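This report refers to the structure that appears directly beneath it.
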Amino acid sequence: MNILSQDIKYLQGVGPQRALLLANELGIKTVGDLLAYYPYKYVDRSRIYKICDIDGAMPYVQLCGQIFSFDTAGEGRNKRLIAHFSDGTGSIDLVWFQGIKYAAKNYDCRKPYIVFGKPTVFNGHLQIAHPEIEKVDPAQPPSSLPLNGESSMFANEKTNEQGNYLSPVGETGKGSGVMRGSVFRPSYNTTEKMKRSGLNSAGMAKLTANMFNLLKEPLAETLPPYITAQHHLMAYDEAVRNIHYPTSPEALRHAQLRLKFEELFYVQLNILRYVKDRQLRYRGLVFNTIGEHFNGFFYHHLPFQLTEAQKRVIREIRADMKSGRQMNRLLQGDVGSGKTLVALMVALIAIDNGCQACIMAPTEILAEQHLDTLRAFLGDLPVRVELLTGAVKGKKRTAVLEGLVTGDIHILVGTHAVIEDNVLFHKLGLVVIDEQHRFGVAQRAKLWMKNNVPPHVLVMTATPIPRTLAMTLYGDLDVSVIDELPPGRKPIRTVHMFDAHRQRIYELMHRELELGRQIYIVYPLIQETESTEQREPSSWLEWPSREGERRSQKMDLKDLEAGFEEISKAFPTYKVSKVHGKMKSADKDAEMQRFANHETHILVSTTVIEVGVNVPNASVMIIENAERFGLSQLHQLRGRVGRGADQSYCVLVTKFELSNTTRKRIQVMVDTTDGFEIAEQDLKLRGPGDLEGTQQSGMAFDLKIANLAQDGQILNLARDAAQAVITSDPDERNQQNNILWRRLRELRKSNINWGAIS
Ligand code: ADP
Ligand code: MG
C-alpha cells in the first residue's frame, strides 16, 4: 500500500485520540495529508545569541546556557515558575504560567540547554515566557556558540529574505523536530484544542519529523519530467522535504516555487480541462439573426447613445452567440456602467432567434427593479417580460409557468426561483446572471439543463476582480469589460472624516436634504465574538458561506439602533427608514420601497443595501466605522450614489486611531473611484483572504501555499503550462501526461468542490 494513504493514527506519536483531533481540527487523516500540511513560517536556529546582546525589542532568539536556580512567584492564576538562566554574559528569566509542574520536573539546574523564545522586558528584567527548551547533546555540542547576528524568521509567503546562514545546530535527537541538515525550525498552525493535547507547533514538528523518518524512499513525482525540466522545478520529493525542513534559504525558495507552481498548475488544469470537456460535449445555439426586436429597440426606443464600451461588449457577446459554441462569458463593469442595458439588448438577439431569455438577480428587490427597468426600456415593443420570485404565488405563478412553456413570455426576470426544476421553458436561449457572487459553477450547470442545447450564459458582476483572482474564480469564463461610464456623470466626491466631525457631517446632510436629495447611512454589523480583535472582512468578496450564516446569527445591531435614534432626533422634520438583515424580508422590502419612492429621506441600514439598489435621487452615502469594511465593499456601497446628474458625496467616518493599512485603504477610496484600481489595491493590502470565494466557485481547492496576491507570475506560468497541455493533448493520448490526468482525477475525487464539476 502507498505509504501516503496510510492512516495517520499509526504514525509514531499519534494514536487514536490525536488522530481524531488531527482529522477534526485540520482535516489530516493520512500521512499524505500531514505531508501537505505546510509550515507557515520558519525560524532560523542557526545562530545563538549572547544574553548581553539582547533586548526586549528583538524577535525570537536562541540562547545557550544553564539554569542556576528556580523560583515561584504569585498566587492562584498569577502563579508562575521562574528559572534564572545564564550563559556567562548575562542572565534572563524563563517564565511559565502554565505547565509549571512539567517544567519544574523536566529541567535541571547546571545542565546545558538551548533556549528559544521571544525576549521581553518585565519589571526592568529580561524574560522569555514559555520558552522552547532543548537539551544539548554533550557528544554533539552546538557548533556556533554564541554568535552575533540577527535571528531570522521568515514566513512562507516571503521568498526574498536572505540572511547570513551558518552551520546547523546539529541533530538533537530523534523526533525532536529538528532534522539533520536543516537550520530551520518549521512553525505549524494548530488550534487551541490541539494545543491542549500537546499538539502545538513543536508537537506537530515532532510528527512531521517522525513522518520523514518513515518516508525513506523518494516520493513519486507529481508532474511529468518535461514540465519540471522546462520550468526548472525542484523534484517533488526534494520540495516536500525542504518545505518542512529547509536545508538552506535557497532550497526553501526552490521548494516554495515548485509547490506553488504545482498547486496553481492543477487548479488551472482542472479549469481548462473542464472548459475543454464542456466544448467537446455541448454545441451552442447559433444566433445568426439580428431582427425586428433588436432593431426596433435600437432604432426607436434606445433613450441614449450606447457608450463605446457597451458597443464593444455587445459585439463580443454577439460573436460568441453565432460561433456554434455555447457562450460562457463574464461581463465586468463598474457600478453604473450600464450592464442592464447590455443584458436587455443581448436578450433581444435571443428573441430574434426564436429563443427566450432569463435574467437572474440575487434578491427579490433587484429582480423587481430589473422588471421595471426592462419594461420601461421596452415601452410598447411586443416583448413580454414577467417576474418569477418566491413571492409570486398562486394564479399568478401558474400563469407565468404556463407562459414560459408556451413561449408567450420572452424574458423572465427572477431570483433563484427560476432554477427550480418545475420551471420549464419553451426554448431557453440565454441566461443572464446579475451580481452573481452566489452562483457557483455547479449552479450554472444546472441552468443548462433547461434546454436540450444549453443556453448561452452571461454572468455580470460589478465587483471588479483582479486578473489573478478572475483566472481562478472565473477561469472557465471568457471575460468582457465595460471600462467606461455613461457620459455626464459627476465623479462622486469622497471625504474621510473622524467621529469628532459629526457637526460638519450634519451640515452636509442638511444642505442636501434641503435640495430635496436623499441620504444613505450604513453601519457595519458588529460581531459578538470573544476575541477583542475586530474582524475585518475576511474574504474580499465576502461570500455568503455557511460560516458567514452562522456568524450572522451573532451579529449586534447596537450601533445601528443608536445611530437611528440619534439621526431621528437630529433631523426631526425628515423621515428616517431603518433596514437590516434581521428584519423579515417583506418588511425590509417595504421599507426599501418607501425610500425608493421618496417617502422617506434618510435610510439607516446595514450592508443589506450593498448590491444593486438604484435610487438616483440619493446623493449622500455616509459609511460609519468605515475602517471595518473591505475596500471592495466600500466601493460597492459608494456606488449607490452618483447615479443622477447631480454632485454626490461619500463620507467615510472612522475613529481617530487607525492602523497603517486601514489608513491606506481609506486613502485609496478618497483618491480613486476606479473599481479595478481599488480591487488591485485591495488584493495587495489584504491578500486574497480566506478564499471562500474560490471554493464556492467550484473551480479551486484551498490554496495551501500559493498566494494569489503575490504569485501572479507563477500563476501565469502555470496557466500557460496547463493550456499547453490541453491544446497539445486534448484527447489525453500522450503517455507523458498520464501522470497529470491520474493526479487530476485524484484531486477531484478528494475535493468536494472539484468533484461537483467533473
Ligand atoms: P450597472 O452596470 O451598475 O447595472 P445600470 O445598468 O443600472 O448599471 O445603469 C446605470 C444607469 O445608467 C441606468 O440609469 C441606465 O439607464 C443608465 N445608462 C446605461 N447606459 C447608458 C448610456 N449609454 N448612456 C446614458 N445612460 C446610460
Ligand atoms: Mg446592475
Side-chain angles (χ1 to χ4, degrees), residues 294 297-317 329-348 357-379 385 411 413-415 431-439 458-465 479-492 518 520 592 596 609-619 621 632-646 648 650 673-676 678-679:
F294 185 92
F297 176 73
F298 185 68
Y299 292 111
H300 305 296
H301 286 76
L302 190 60
F304 29 61
Q305 288 250 306
L306 294 176
T307 62
E308 285 307 312
Q310 281 171 319
K311 285 187 205 161
R312 186 188 66 237
V313 163
I314 292 172
R315 276 198 299 271
E316 285 167 358
I317 294 170
R329 188 167 279 279
L330 175 70
L331 174 57
Q332 292 196 49
D334 222 332
V335 274
S337 61
K339 294 186 293 296
T340 317
L341 187 57
V342 170
L344 172 62
M345 295 185 67
V346 175
L348 292 173
C358 166
I359 301 181
M360 287 179 61
T363 67
E364 291 188 3
I365 294 189
L366 285 171
E368 282 164 31
Q369 247 181 29
H370 274 326
L371 179 77
D372 295 344
T373 310
L374 297 188
R375 283 184 174 165
F377 269 134
L378 290 165
V385 190
I411 301 178
V413 179
T415 51
V431 176
V432 179
I433 305 168
D434 193 11
E435 312 285 4
Q436 62 87 53
H437 301 171
R438 293 142 221 237
F439 240 65
L458 181 68
V459 174
M460 306 201 298
T461 173
T463 310
I465 301 162
V479 179
S480 289
V481 180
I482 307 187
D483 49 8
E484 180 187 359
L485 291 180
R489 299 263 172 86
K490 286 215 177 98
I492 302 162
Q518 289 162 279
Y520 293 103
M592 294 282 248
I609 63 148
E610 188 179 346
V611 182
V613 178
N614 192 21
V615 183
N617 190 51
S619 64
M621 166 61 68
S632 295
Q633 223 178 354
L634 290 174
H635 180 63
Q636 288 289 311
L637 287 168
R638 181 168 61 181
R640 297 306 106 211
V641 296
R643 309 201 136 218
D646 298 292
S648 292
C650 175
T673 52
D674 179 340
F676 282 92
I678 290 172

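The shown structure was predicted, so the numbers you read here are calculated from the model rather than taken from an experiment. Every number for a ligand or one of its atoms is a count from 1 in the order of the listing.
- Distance check: Leu341 CG to Thr307 OG1 gives 9.0 Å after rounding to the nearest 0.5 Å.
- With ligand atoms numbered from 1 in the order given, ligand 1 contributes 23 (N) to contacts under 4.0 Å with heavy atoms of Thr307.
- Protein heavy atom nearest atom 15 (C) of ligand 1, with residue, atom name and distance: Phe304 CZ, 4.3 Å.
- Judged by distance alone, with hydrogens and angles left aside, the side-chain atoms of Arg643 form no donor-acceptor pair with the main-chain N or O of Ala618 at under 3.5 Å.
- In the vicinity of Gln305, heavy-atom distances shorter than 4.0 Å reach the ligand 1 atoms 22 (C), 23 (N), 24 (N).
- At a 4.0 Å heavy-atom cut-off, ligand 1 touches Arg643 through the side chain alone.
- Scanning all protein heavy atoms for the shortest distance to atom 14 (O) of ligand 1 gives Asn614 ND2, 4.5 Å.
- A distance of 6.0 Å separates CD1 of Ile433 from CE of Met360, quoted to the nearest 0.5 Å.
- Proximity of a side-chain donor or acceptor of Glu316 to a complementary backbone N or O of Ser480 within less than 3.5 Å is not detected.
- Taking atom 2 (O) of ligand 1 as the reference point, the nearest protein heavy-atom neighbour is Lys339 NZ, 2.7 Å.
- Applying the 4.0 Å criterion to heavy atoms of Phe377 picks out, from ligand 1, the atoms 16 (O).
- The closest approach between a heavy atom of Ser337 and any atom of ligand 1 is below 4.0 Å.
- For the atom pair CG (Leu371) and CD1 (Ile359), the distance works out to 10.0 Å, reported to the nearest 0.5 Å.
- None of Ile492, Leu637, Leu634 except one satisfies the side-chain contact (heavy atoms from CB on, under 4.5 Å) rule with Cys650; the exception is Ile492.
- Counting heavy atoms only, Gly338 comes closest to atom 9 (O) of ligand 1 of the residues Ala343, Gly338, Pro487.
- For the ligand labelled ligand 1, residue Asp334 lies inside the 4.0 Å heavy-atom shell.
- Here the protein heavy atom with the shortest distance to atom 11 (C) of ligand 1 is Arg489 NH2, 3.3 Å.
- Under the 3.5 Å distance criterion, the side-chain polar atoms of Gln310 are matched with a main-chain donor or acceptor of Gly338.
- To the nearest 0.5 angstrom, Leu344 atom CG is 10.0 Å from Thr373 atom OG1.
- Atom 25 (C) of ligand 1 has its closest protein heavy atom at Pro486 CB, 3.4 Å.
- Every atom of ligand 1 with a heavy atom of Leu306 under 4.0 Å away is listed here by number and element: 23 (N).
- The side-chain heavy atoms of Phe298 and Leu348, taken from C-beta on, include no pair separated by under 4.5 Å.
- Between the side chain of Arg375 and the backbone N or O of Val385, at least one donor-acceptor pair lies under 3.5 Å.
- The atoms of ligand 1 that sit less than 4.0 Å from any heavy atom of Thr340 are 4 (O), 5 (P), 6 (O), 7 (O).
- Of all protein heavy atoms, the one closest to atom 20 (N) of ligand 1 is Gln310 NE2, 3.0 Å.
- When hydrogens are left out, the protein atom nearest atom 3 (O) of ligand 1 is Gly336 N, 2.6 Å; that is the closest non-hydrogen contact.
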